Number of protein chains: 2
Amino acid sequence: MSADNINMLLKTYNLRLTECRKDVIGVFMEQHHAVSQPDLELRLNHYDRVTLYRTLTTFLNKGIIHKVLDDTGLTKYALCSGHCTEHHHADEHVHFKCIKCENTICIDAVSVPAITLPDGFTYLDANLLVRGICKICQAKNNH
Amino acid sequence: MSADNINMLLKTYNLRLTECRKDVIGVFMEQHHAVSQPDLELRLNHYDRVTLYRTLTTFLNKGIIHKVLDDTGLTKYALCSGHCTEHHHADEHVHFKCIKCENTICIDAVSVPAITLPDGFTYLDANLLVRGICKICQAKNNH
DNA sequence: TGTTATTTGCAACTTTGTTGCAAAAGGCGT
DNA sequence: ACGCCTTTTGCAACAAAGTTGCAAATAACA
């Protein structure tokens with residue numbers, strides 16, 4: 001699946017197929033949780049920090065990835081599910097952060113409930129971070 | 001209201017009444033939106049950066065303030081509504097960030113809807129950031 | 001007012017975010 | 001396969017934010 005898919009993805013967004021970009025998307029695809037820039041730097045340590053930074057910025061602008069808010073202030077990123085465009089992120093699923101393993105995952109199955117704002121406020125988008133204990137850590141506890 | 005209330009608040013949490021702490025709480029009380037450390041540094045520029053940092057950390061641990069997620073990665077803080085303790089933050093209201101004025105406010109009137117997680121996940125708490133245009137900026141547009 | 005534990009300011013350092021510029025590499029027509 | 005042109009990368013450099021240790025200053029309380 002991977003290599004071809006990655007090339008297609010990049011071409012869809014009119015991006016050149018460079019090693020770095022392919023590797024970064026590869027990391028996102030094989031990880032099941034959101035990735036921060038420091039995470040990327042560890043995994044792909046043969047690329048310059050700035051290159052990874054710019055790669056993330058590019059992907060973010062194109063709508064390939066979206067930001068995942070984190071309670072530590074560290075920004076994490078995850079692949080968009082496919083409905084995002086350069087101009088609007090239609091990716092309002094719940095993000096779940098495990099307080100044990102500290103991984104943050106996208107829970108696509110659960111979408112963000114509709115929010116009714118007070119009069120005078122206009123709704124653009126929403127980002128919901130739920131904290132708790134994930135399935136894997138839960139299982140470990142009950143060994 | 002202010003001075004006495006601030007002293008009471010600090011005493012409730014067994015904290016010494018220092019100038020810095022009183023001033024920081026004062027800023028939180030008079031602001032209607034969440035405050036970041038850089039915000040504090042500008043307003044209270046006669047205190048050392050580190051002192052403000054440690055004051056925020058202390059307040060956070062005691063449950064006097066809570067973190068407000070921000071889409072820029074910059075951490076903001078706001079006063080807790082009174083139900084938070086050292087061990088649990090029961091402060092699940094919606095946070096609203098205006099994309100015009102960039103202020104983030106707590107909307108106490110709107111609470112975070114109940115979220116049903118997939119099997120195996122345990123819910124601890126949730127943080128919901130809604131982005132849009134606030135009442136004030138909306139009004140400005142229609143001058 | 002004096003003693004003690006806490007808090008503050010300073011110095012120093014780490015990590016993350018950001019920009020400019022020249023060298024390297026991708027895409028495309030031939 | 002080659003060369004040209006545009007985009008991307010790596011390096012250097014700097015800005016901003018987070019974090020720790022330690023000695024001096026200060027709050028609490030007798």
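Here is the naming used below: chain letters follow the sequence lines, and residue numbers restart at 1 for every chain. As the structure is a prediction and not an experimental result, all values here were calculated from the model.
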Is the count of non-hydrogen atoms from other residues, nucleotides or ligands lying under 6.0 Å from B:Leu17 atom CG greater than 12?
yes
First locate atom OG1 of A:Thr51, then atom CD of A:Glu41, and finally report the distance between them rounded to the nearest 0.5 Å.
10.5 Å
Whole angstrom is fine here: how far is it from CG in B:Asp48 over to C1' in D:dT26?
16 Å
So, using side chain to side chain contact (heavy atoms under 4.5 Å, CB included) as the criterion, who are the partners of A:Leu9 when residues are at least two apart?
A:Tyr13, A:Ile25, A:Ile64
Rounded to the nearest 0.5 Å, what separates atom CD1 in A:Ile99 from atom CD1 in A:Ile133?
5.0 Å
When the distance from OH of A:Tyr13 to P of D:dT8 is rounded to whole Å, what number comes out?
16 Å
Between D:dG18, D:dC11, C:dT8, which nucleotide gets closest to the side-chain atoms of B:Thr51?
C:dT8
Would you classify A:Glu19 as touching base, sugar-phosphate or nothing, given that sugar-phosphate means primed atoms plus P, OP1 and OP2, and contacts are heavy atoms under 4.0 Å?
nothing
A:Leu60 CG to C:dT18 C1', straight-line distance once rounded to whole Å
15 Å
Between the opening five pairs and the closing five pairs of the helix from C:dT1-D:dA30 to C:dT30-D:dA1, how far apart are the helix axes, to 10°?
40°
Applying side chain to side chain contact (heavy atoms under 4.5 Å, CB included), can you list everything that pairs with B:Ser111, at least two apart in sequence or on another chain?
none
State yes or no: are the ring centers of B:Phe121 and A:Phe96 separated by less than 6.0 Å?
yes
Could you state the atom-to-atom distance from NZ of A:Lys22 to P of C:dG27 in whole Å?
8 Å
For the pair made of CG in B:Leu40 and P in D:dG18, what is the distance, rounded to whole Å?
11 Å
Short N/O separations, protein against nucleotides 28-30 of chain D, under 3.5 angstrom:
| residue | atom | partner | partner atom | Å |
| --- | --- | --- | --- | --- |
| D:dA28 | OP1 | B:Leu17 | N | 3.0 |

Find which nucleotide of DNA chain C each of B:Cys20 and B:Arg49 is nearest to by heavy atoms, and output the residue with the more 5' nucleotide.
B:Cys20
Using a 6.0 Å cut-off, check whether atom NE2 of B:His46 has over 12 heavy atoms from anything other than its own residue.
yes
Measure CG/A:Asp70 against P/D:dG18 and give the value in whole Å, please.
13 Å
Please identify each residue that fulfils salt bridge (charged side-chain N to carboxylate O under 4.0 Å, His left out) with A:Asp71, with sequence neighbours left out.
A:Lys97, A:Arg131
Quickly work out the B:Leu52 CG to D:dA16 C1' distance and round it to whole Å.
15 Å
Select one nucleotide: of D:dT9, C:dG17, C:dT8, the one nearest the side-chain heavy atoms of A:Thr75.
C:dG17
Can you check whether A:His66 and A:His93 have ring centres sitting under 6.0 Å from each other?
yes
Starting at NE2 of B:His46 and ending at C1' of D:dA25, how long is that distance when rounded to a whole Å?
16 Å
Got a sec: does the NZ of A:Lys135 have more than 12 other heavy atoms crowding it under 6.0 Å?
no
Give one of base, sugar-phosphate or nothing for A:Arg21, where a contact means two heavy atoms less than 4.0 Å apart.
sugar-phosphate
Nearest heavy atom decides the nucleotide; on that basis, is A:Thr55 or B:Glu41 closer to the 5' end of DNA chain D?
A:Thr55
Heavy atoms of B:Cys98 and B:Cys134 approach each other most closely as SG-N, 3.4 Å
Do A:Leu74 and A:Leu52 belong to the same hydrophobic cluster, where Ile, Leu, Val, Met, Phe, Trp and Tyr are linked whenever their side-chain heavy atoms lie under 4.5 Å apart, directly or via other members?
no
Can you check nucleotides 20-22 of chain D for protein contacts, nitrogen or oxygen pairs under 3.5 Å, and list what you find?
| residue | atom | partner | partner atom | Å |
| --- | --- | --- | --- | --- |
| D:dG21 | O6 | B:Arg54 | NH2 | 3.1 |

